[in-house]
Amino acid sequence: MDSRRYNISMQTPIGKKYGTLTVSKDDGVLTGELGVMNHSEPFHGTIDSDGTCHIEGTIVTLLRTVNYTATGSINEDGVRLFVVAANHTFEVTGEATA
């Protein structure tokens with residue numbers, strides 16, 4: 001099992017939100033936690049050998065909990081995801097922590 005942590009930023013309509021993404025990869029299965037807006041929530045999905053992934057989870061905001069799906073890439077250096085939640089698309093980018 002391969003595990004990594006990333007410092008991320010999520011571009012939202014009200015500005016950038018900063019947080020962390022922790023991922024564990026095991027034979028094409030991707031699990032982890034997305035920590036943003038003072039909440040950390042689990043996610044699950046799939047990842048192929050070149051880092052292309054699809055994940056699903058929830059984001060907790062001040063007003064509600066929103067389900068999301070995300071596609072993009074995760075590799076040992078960084079992450080770039082496009083998160084679709086509540087009819088909006090948010091870009092998440094980040095770099096692996098040391």
Side-chain angles (χ1 to χ4, degrees):
M1 183 178 299
D2 182 26
S3 297
R4 292 213 188 290
R5 183 178 173 100
Y6 303 86
N7 290 325
I8 61 160
S9 64
M10 176 185 288
Q11 186 62 50
T12 73
I14 57 172
K16 282 189 180 181
K17 303 296 179 188
Y18 297 94
T20 59
L21 182 75
T22 304
V23 299
S24 294
K25 299 184 275 187
D26 189 15
D27 197 29
V29 175
L30 189 64
T31 58
E33 288 189 0
L34 173 63
V36 67
M37 294 186 263
N38 296 319
H39 289 277
S40 185
E41 297 294 324
F43 66 81
H44 66 278
T46 58
I47 189 164
D48 63 22
S49 60
D50 71 355
T52 301
C53 64
H54 175 84
I55 62 176
E56 298 178 4
T58 58
I59 297 172
V60 177
T61 71
L62 289 173
L63 301 175
R64 61 186 174 161
T65 299
V66 180
N67 294 324
Y68 71 85
T69 60
T71 56
S73 63
I74 298 174
N75 60 44
E76 46 186 60
D77 297 322
V79 58
R80 184 172 187 202
L81 299 171
F82 294 94
V83 177
V84 178
N87 298 320
H88 298 284
T89 300
F90 309 104
E91 184 177 15
V92 173
T93 57
E95 296 180 355
T97 61

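This chain uses plain numbering: 1 for the first residue, then up along the sequence. Since the structure is predicted, the reported quantities are computational estimates derived from the model, not experimental observations.
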Hey, are the side chains of His54 and Thr69 touching, using non-hydrogen atoms and a 4.5 Å cut-off?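 His54 vs Thr69: side chains touch.
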
Does the side chain of Asn7 reach to within under 4.5 Å of the side chain of Thr20, using non-hydrogen atoms?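 Asn7 reaches Thr20 side chain to side chain.
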
Which distance, rounded to the nearest 0.5 Å, do you find between the CZ of Phe43 and the OG1 of Thr58?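 Atom-to-atom, Phe43:CZ and Thr58:OG1 are 11.5 Å apart.
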
For the CG atom of Asp2 and the OG atom of Ser24, what is their distance to the nearest 0.5 Å?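 That separation rounds to 8.0 Å.
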
Please name the pair of heavy atoms, one in Ile74 and one in Lys25, separated by the smallest distance, quoted to 0.1 Å.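 Looking at all heavy atoms of both residues, the closest pair is O-NZ, 4.4 Å.
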
Which heavy atom of Asn75 sits nearest a heavy atom of Asp77, and at what distance?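 Reported closest heavy-atom pair: OD1-N, 2.8 Å.
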
Applying side-chain contact (heavy atoms from CB on, under 4.5 Å) to Cys53 and Val79, what does each step give before you reach the verdict? CA-CA 10 Å; Cys53 64; Val79 58; over 6 Å; no

Run Ile8 and Leu34 through side-chain contact (heavy atoms from CB on, under 4.5 Å) and show every step you take. CA-CA 9 Å; Ile8 61 160; Leu34 173 63; 3.4 Å; yes

Exercise answer: donor-acceptor pairs, residues 82-98 side-chain atoms, under 3.5 Å, sequence neighbours excluded:
{"unit_1": "Glu91", "atom_1": "OE2", "unit_2": "Arg80", "atom_2": "NE", "d": "2.7"}
{"unit_1": "Glu91", "atom_1": "OE2", "unit_2": "Arg80", "atom_2": "NH2", "d": "3.1"}
{"unit_1": "Thr97", "atom_1": "OG1", "unit_2": "Arg5", "atom_2": "O", "d": "3.2"}

So for atom CG, which belongs to Asp50, do other residues, nucleotides or ligands contribute more than 12 heavy atoms lying within a distance under 6.0 Å?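 Yes - once you tally the heavy atoms of other residues, nucleotides and ligands closer than 6.0 Å, there are more than 12.
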
Test side-chain contact (heavy atoms from CB on, under 4.5 Å) applied to Ile55 and Leu81, step by step: CA-CA 9 Å; Ile55 62 176; Leu81 299 171; 4.0 Å; yes

Please step through side-chain contact (heavy atoms from CB on, under 4.5 Å) for the pair Ile59 and Met10, ending with a clear verdict. CA-CA 12 Å; Ile59 297 172; Met10 176 185 288; 3.9 Å; yes

Validation: residues 11-19 side-chain donor-acceptor distances under 3.5 Å, sequence neighbours left out:
{"unit_1": "Thr12", "atom_1": "OG1", "unit_2": "Ile14", "atom_2": "N", "d": "3.3"}
{"unit_1": "Thr12", "atom_1": "OG1", "unit_2": "Gly15", "atom_2": "N", "d": "3.4"}
{"unit_1": "Thr12", "atom_1": "OG1", "unit_2": "Gly15", "atom_2": "O", "d": "2.5"}

